[in-house]
Participant: 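Attaching a single structure in structure tokens format; questions to follow.
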There are 2 protein chains.
Amino acid sequence: MQSKPTTIKEIARILNISPSSVSRGLHDHPSIGAVTREKIKQLAKSLNYEPNNAAILFQKGKTYTIGVILPELSEHFFSIAISAIEDEAIKKNYTVIFAQSHDNYEQEVKLVEKMKNQRVDGLLVSISKDTSKFDHFEKLNSFNIPVVFFDRIPPFKNVHYVACSLESATIKAVNYLLKKGHRSIGMINGPNTLYASEERKDGYMQAITFNRLKFDPSLVVNCDLTEQGTIEAANQFLNHKRKPTAIVAFNDYVALFLIKYFKKLNVINDFDVVSYANLPIISYLDNSPVASVEQYPYLQGQKAANILLDLIHSPNSENQAYYNTIVESDLIVNEVKE
Amino acid sequence: MQSKPTTIKEIARILNISPSSVSRGLHDHPSIGAVTREKIKQLAKSLNYEPNNAAILFQKGKTYTIGVILPELSEHFFSIAISAIEDEAIKKNYTVIFAQSHDNYEQEVKLVEKMKNQRVDGLLVSISKDTSKFDHFEKLNSFNIPVVFFDRIPPFKNVHYVACSLESATIKAVNYLLKKGHRSIGMINGPNTLYASEERKDGYMQAITFNRLKFDPSLVVNCDLTEQGTIEAANQFLNHKRKPTAIVAFNDYVALFLIKYFKKLNVINDFDVVSYANLPIISYLDNSPVASVEQYPYLQGQKAANILLDLIHSPNSENQAYYNTIVESDLIVNEVKE
DNA sequence: CAAAATTAATCAAACGTTTGCGTTATTTTT
DNA sequence: AAAAATAACGCAAACGTTTGATTAATTTTG
């Protein structure tokens, strides 16, 4: 029952011409006469000819495929980002294959290897949390596979990347709180190993010092981003000699934990919480953060994809300029609570 | 700089043996002696040999790739499901390529075509909302590409599918509300064109009649699932002669709209809302639904992927048995609100 | 010790498509 | 009318790997 797919050879045999002519005819090559061309196309259509992609890819050494490696697809941020990537890719007739590192370095290394074996034309990567070495990406260089990092990027500039400036976002957030009158602002930061933590802290410090306040390091506490860790961080604030009246949470999950805990202690009204918007329906909460940093995952994905496609099509691999694209993040102020 | 990747041929040339021996050596074929085998493997390693996947795929006519077509990757449900699919696929050394139909029939048709051209070994599909014809999938049959539908499945049995029984889930939900003492229960259903709407309604009716109550059709209202539509539906309930005391919402978005509206009217405490759990943090809401139907997207994705891989590996294509797998959904009762 | 069996490796074809280079005819230019 | 250009197509190699059929060398067997 499973009729073998029609091939160019078969069309050639039936029409009594050579396979090369068929190929050229199908591609409107000028050296094929109009009549033959039409005959070829007609027969191809009536035989339901479909080019064998595998053969073409093999022949051309291109796969028209871009790989995406990211930590967790089920995280809202990434699902939006990859959705954008796919939308862009399909416009240019590229296919997307993806894989999750599950925030595991070894897995990430393996996946890079696999993508390379799959001979993807380019790679989009958001690095895992426990990645601190980056040699696995350098191997791609020698295979001429361009890489664009997005959102979770390595801490150096000589790569292509698209990311949000969490620093400026944090400045905006802290400024907003200062303008609201807060004078003691706590920050629940992530582990120090994360570049994103560094950015947040830098932004915080800049905003504080720019406003001629003195920076109190004990108001920035590190946290493993779990619920338990959040509670411990919260306790530090509650017992602080200059108890903060506002808190910048590392992300929405932390904000949720925090709000839950504060509500339990019935101190929720003593705090304004600002967070980073990874989650969609956070605004439906009764005691939602007063503001959120929007990181525009769709835009980031879109830009990253387009840069990658650019790189793939740029003929000279020795183009030494690196795309370092910063997507400005905005502070979204939630409607005033009545 | 971009050194051409090492090939089997090159290894063969250096070792002065034939390419076929190299291939066999690398695959531990018995007809290659131990010493030669080791020499081959060593040289391969030292030359960083990587099999050219494109060539292998072409040669074998298999791609070790499964395609996934779904409506919207950014929907939480699907992002979880595809996350599971990828996890399963990678275990069996398969790669996942995916594309979004954006709930558009024409796009879906195109994507199926594209997947076929990519010669995926199998296809996983969650159909788009406005798909009512299914010929585009039948073409895959003749190419011997198995298809497994999941969650959003066609309304007939002679295909492979994995889905949740929304009917039994709805029965559970309604029963729960009845047990809580509610005697007038409203349902905000989706458009009648959706199979999922039918299932919900059937479940509702069964639960009602099984409990010897009389079914009031005016308590089941259709809704376009927008916020405006939800409000209109809510108004119908508020003006109903037997005003319901509990409402089954079509999904969490509808539930959110509903709760928001009820809160605005300050009637939120007059209702118990039950919903279907597409969203993660719904439980953080102050006035969250009292219970949610968990549809186990990860499990669905997992099962669908495994079934597909089974089908791919089953030698006889004439295996006429269809996998019709139902994932039992559970009613998750949220913690009692203090 | 000849015949059979085993071991170790080679040959060559095949997968489907593309493409540089030839080879004819036919037409155009001098 | 000869030379040059063009049009229309065929030839064959190439991409890298796998695999059935063979061969050659060695060992086992009766």
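The sequence lines fix the lettering, A, B, ..., with proteins before strands; numbering per chain opens at 1.
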Participant: Whole Å only: how far is the CZ atom of A:Arg13 from the P atom of D:dG10?
Facilitator: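 In whole Å, D:dG10 P lies 15 Å from A:Arg13 CZ.
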
Participant: Quick one: ring-ring contact (aromatic ring centres under 6.0 Å, His included) partners of A:Tyr105, sequence neighbours excluded?
Facilitator: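 Checked A:Tyr105 against ring-ring contact (aromatic ring centres under 6.0 Å, His included); matches are A:His136.
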
Participant: Separation of A:Asn16 atom CG from D:dC9 atom P, in whole Å?
Facilitator: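 It is 13 Å, rounded to the nearest whole Å.
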
Participant: Check every strand shown and say whether A:Gly61 touches a base, only sugar-phosphate, or nothing at a heavy-atom separation below 4.0 Å.
Facilitator: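 Nothing, no nucleic acid heavy atom in range.
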
Participant: Which residues pass the ring-ring contact (aromatic ring centres under 6.0 Å, His included) test with A:Tyr298, not counting sequence neighbours?
Facilitator: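 None.
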
Participant: What is the distance, to the nearest angstrom, from the CD atom on B:Glu38 to the P atom on C:dA9?
Facilitator: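 Distance check: B:Glu38 CD to C:dA9 P gives 12 Å.
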
Participant: How many Å lie between CG on A:Asp28 and C1' on C:dT18, as a whole number?
Facilitator: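 Between C1' of C:dT18 and CG of A:Asp28: 15 Å.
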
Participant: Between B:Arg37 and A:Ala55, which residue's closest nucleotide on DNA chain C lies nearer the 5′ terminus?
Facilitator: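 Nearer the 5' end of the strand: B:Arg37.
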
Participant: Hey, what do you get for CG (A:Leu57) to CD (B:Gln118), rounding to the nearest 0.5 Å?
Facilitator: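 Separation between the atoms: 7.0 Å.
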
Participant: Please identify each residue that fulfils salt bridge (charged side-chain N to carboxylate O under 4.0 Å, His left out) with A:Arg119, with sequence neighbours left out.
Facilitator: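 Checked A:Arg119 against salt bridge (charged side-chain N to carboxylate O under 4.0 Å, His left out); zero matches.
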
Participant: So is B:Lys60 actually on top of B:Phe58's ring, under 6.0 Å and inside 45° of the axis?
Facilitator: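 Output no; distance or angle outside limits.
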
Participant: Could you tell me the separation between the CG atom of A:Leu57 and the P atom of C:dT18, rounded to a whole number of Å?
Facilitator: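 It is 10 Å, rounded to the nearest whole Å.
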
Participant: Can you check the A:Ile32 CD1 to D:dT6 C1' distance for me, whole Å?
Facilitator: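 So the CD1-C1' distance, A:Ile32 to D:dT6, works out to 14 Å.
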
Participant: Could you work out how much the helix from C:dC1-D:dG30 to C:dT30-D:dA1 bends, comparing the axis of its first five pairs with that of its last five, to 10°?
Facilitator: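 Inter-axis angle at the termini of the helix from C:dC1-D:dG30 to C:dT30-D:dA1: 50°.
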
Participant: Strictly under 3.5 Å: I want the nitrogen or oxygen pairs between protein and nucleotides 18-20 of chain D, one per line.
Facilitator:
{"unit_1": "D:dT18", "atom_1": "OP1", "unit_2": "B:His27", "atom_2": "NE2", "d": "3.3"}
{"unit_1": "D:dT18", "atom_1": "OP2", "unit_2": "B:Ser23", "atom_2": "OG", "d": "2.7"}
{"unit_1": "D:dT18", "atom_1": "O4'", "unit_2": "B:Gln59", "atom_2": "NE2", "d": "3.1"}
{"unit_1": "D:dG20", "atom_1": "N7", "unit_2": "B:Arg24", "atom_2": "NH2", "d": "3.0"}
{"unit_1": "D:dG20", "atom_1": "O6", "unit_2": "B:Arg24", "atom_2": "NH1", "d": "2.9"}
{"unit_1": "D:dG20", "atom_1": "O6", "unit_2": "B:Arg24", "atom_2": "NH2", "d": "2.6"}

Participant: Would you say the base of C:dC15 stacks on B:Phe58 (centre-to-centre below 5.5 Å, plane angle below 30°)?
Facilitator: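 Stacking between B:Phe58 and C:dC15: present.
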
Participant: Tell me which one of B:Phe143, B:Phe149, B:Phe156 satisfies ring pair (Phe, Tyr, Trp, His ring centres under 6.0 Å) with B:Phe137.
Facilitator: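 Among B:Phe143, B:Phe149, B:Phe156, the one meeting ring pair (Phe, Tyr, Trp, His ring centres under 6.0 Å) with B:Phe137 is B:Phe149.
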
Participant: Any donor and acceptor pair, going by atom type alone, linking the side chain of A:His29 with main-chain N or O of A:Gly25 inside 3.5 Å?
Facilitator: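 The answer is no, because no donor-acceptor pair under 3.5 Å joins these two groups.
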
Participant: Out of D:dG16, D:dC9, C:dA8, which has the shortest distance to the side chain of B:Thr7?
Facilitator: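 So the side chain of B:Thr7 is nearest to D:dG16.
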
Participant: Hey, which sits more toward the 5' end of DNA chain D by its nearest nucleotide, B:Asn52 or A:Val35?
Facilitator: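 Residue closer to the 5' terminus by nearest nucleotide: A:Val35.
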
Participant: Could you work out, with side-chain contact (heavy atoms from CB on, under 4.5 Å) as the rule, every residue matching A:Lys303, not counting sequence neighbours?
Facilitator: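 Residues passing side-chain contact (heavy atoms from CB on, under 4.5 Å) with A:Lys303: A:Val162, A:Leu299, A:Thr325, A:Val327.
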
Participant: Let's see if you can work this out: which of D:dT17, C:dT10, D:dC9 has an atom nearest to the side-chain heavy atoms of B:Lys9?
Facilitator: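 Closest of the options to the side chain of B:Lys9: D:dT17.
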
Participant: Rounding to a whole Å, what distance do you find between B:Ile40:CD1 and D:dT17:P?
Facilitator: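 Rounding to the nearest Å, CD1 of B:Ile40 and P of D:dT17 are 13 Å apart.
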
Participant: Can a side-chain donor-acceptor contact be found between B:Gln100 and A:Ser83 if the only test is distance below 3.5 angstrom?
Facilitator: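 Their side chains do contain a donor-acceptor pair, which is all the 3.5 Å distance test asks for.
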
Participant: Roughly, in whole Å, what's the span from CG in B:Asn117 to P in C:dT17?
Facilitator: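 For the pair B:Asn117 CG and C:dT17 P, the rounded distance is 11 Å.
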
